[in-house]
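What follows is one structure encoded as C-alpha cells, with my remarks underneath.
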Amino acid sequence: MTLPRIALAIAVIAALILLLAGPGTRLALWDFRMGLGLLRWAVLVGLAASVIAFVLLLVPSVRSGNVALLAIALLLGLGVAFLPWNMMRQAKQVPAIHDISTDTVRPPEFVAILPLRANAANPAIYGGEQVAREQTRAYPDIQAYVTDEAPGPAFDRALQAARAMGWEIVASDPAAGRIEATATTRWFGFKDDVVIRVEAKDTGSRIDVRSVSRVGKSDVGANAKRIRAYLKLLAN
C-alpha cells in the first residue's frame, strides 16, 4: 500500500471510530465511558491522518498524481477530529452540572421515574444551592412558564408539548399536576429524565420543568437546551 493510501486509510479508521462511538454506546456494546474514550481516539487518529497527508503533500515525488487522495485524507482527518474536539470545547464552556430546573428553590420532584433511576450514576435528589448558583450564572434565561390558562388546560398543554418533544411519557397525573418523561439522546442514547409540574398561580398557572441526566457529571448543556425547546413549544 502506498503512503497516500495509508494516510487515507488512517483517516477512514478515524471516521469509523467516530461513527461507532455513539451507536455502540446506545446498543450497550460498551459503557458511556468507553464511548467518550473513543471520541478522544477519533481526534488523535484523525489528526494523525491529517498530519501525514499534509507532510506527503509537501513531497513533490509523492504529491504527483496523488493530490486528490491526499486532500481527501487531510480534510477527512480534520473533519473527524473537529467534531469531538468541538464537543469537548463546548463542555468546557458550560458548568459541570447535569440537573437543570426552572425552579431552583423548589425543584419539581420525581416519583414514578425513581425506580428507573435506581442504578443511575447521578442521584434524583437536587444538588442544592451550588447547582442553583452555577445554573443561574450559565443559564439565566431558564425560567418557569406562566400562563393565564387554568391548571387543567395548562396541564393538557404541557402534556401535549412533552409528547411533541418525542419524550417517552412515564407518568401523567393531572390531580398532582405532574408529568414525568424520559428523553433519549439520538447518538449516544443517553437517558435524561424530565419532570414537569403544573400548579395554580394567581388566576392562571405556572409550569416548571426539570431535566436531569442519569450519567455524566456534565451534560454539555443538553438539559438546558432541552428545557428551552420545551418552553418554546409551550409558548407557541
Taking [X] for its side chain and [Y] for its backbone only, find out whether a donor-acceptor pair lies under 3.5 Å.
| X | Y | value |
| --- | --- | --- |
| Tyr145 | Ser205 | no |
| Arg197 | Ile207 | no |
| Thr185 | Trp187 | no |
| Ser50 | Gly46 | yes |
| Thr136 | Pro140 | no |
| Arg89 | Pro84 | no |
| Asp202 | Gly204 | no |
| Asn122 | Ser213 | yes |
| Glu180 | Val111 | yes |
| Asn66 | Leu69 | no |

Report yes if the side chains of [X] and [Y] come closer than 4.5 Å at any heavy-atom pair, otherwise no.
| X | Y | answer |
| --- | --- | --- |
| Asn119 | Arg214 | no |
| Arg133 | Val131 | no |
| Val12 | Leu16 | yes |
| Tyr230 | Met165 | yes |
| Val194 | Val209 | yes |
| Ile142 | Ile100 | yes |
| Ser101 | Pro108 | yes |
| Arg226 | Trp167 | yes |

Closest approach of [X] to [Y] (non-hydrogen atoms, all atoms of both residues):
| X | Y | result |
| --- | --- | --- |
| Ala144 | Asp208 | CB-OD1, 3.1 Å |
| Gly35 | Ala21 | O-CB, 3.6 Å |
| Ala11 | Val80 | O-CG2, 4.5 Å |
| Ala154 | Glu149 | CA-OE1, 3.8 Å |
| Leu76 | Ala15 | CD1-CB, 4.4 Å |
| Ala7 | Ala49 | O-CB, 3.8 Å |

Check: Going by an N to O cut-off under 4.0 Å, is there a salt bridge joining Arg210 and Asp193?
Finding: no
Check: Would you call Asp219 and Lys225 a salt bridge, taking side-chain N to carboxylate O under 4.0 Å as the test?
Finding: no
Next item on the list: Over 60° means perpendicular and under 30° means parallel, so classify the ring planes of Trp85 and Phe82, tilted if in between.
Entry: tilted
Check: Could you go step by step and tell me if Tyr139 and Arg228 meet the side-chain contact (heavy atoms from CB on, under 4.5 Å) rule?
Finding: CA-CA 10 Å; Tyr139 314 116; Arg228 288 192 189 105; 3.5 Å; yes
Count the heavy atoms belonging to other residues, nucleotides or ligands that lie under 6.0 Å from [atom1] of [X], then report whether that count exceeds 12.
| X | atom1 | result |
| --- | --- | --- |
| Glu134 | CD | yes |
| Gln93 | CD | yes |
| Asp148 | CG | no |
| Gln90 | CD | yes |
| Arg63 | CZ | yes |

Hey, could you give me the [atom1]/[atom2] distance between [X] and [Y], rounded to the nearest 0.5 Å?
| X | Y | atom1 | atom2 | answer |
| --- | --- | --- | --- | --- |
| Gln135 | Asn223 | CD | CG | 9.5 Å |
| Leu116 | Glu168 | CG | CD | 8.0 Å |
| Met88 | Leu83 | CE | CG | 11.0 Å |
| Asp99 | Ile125 | CG | CD1 | 11.0 Å |
| Leu18 | Leu39 | CG | CG | 6.5 Å |
| Phe32 | Leu38 | CZ | CG | 13.5 Å |

Next item on the list: Apply side-chain contact (heavy atoms from CB on, under 4.5 Å) to Thr182 and Asp192, showing your working.
Entry: CA-CA 6 Å; Thr182 297; Asp192 298 338; over 6 Å; no
Checklist line | Chi angles and distances behind the side-chain contact (heavy atoms from CB on, under 4.5 Å) call for Lys191, Thr184 | finding: CA-CA 5 Å; Lys191 300 286 185 180; Thr184 304; 3.0 Å; yes
Next item on the list: I would like to know whether His98 and Val212 meet side-chain contact (heavy atoms from CB on, under 4.5 Å); could you show each step before the answer?
Entry: CA-CA 6 Å; His98 52 262; Val212 188; 4.3 Å; yes
Checklist line | Donor-acceptor side-chain pairing of Asp31 and Thr25 below 3.5 angstrom | finding: no
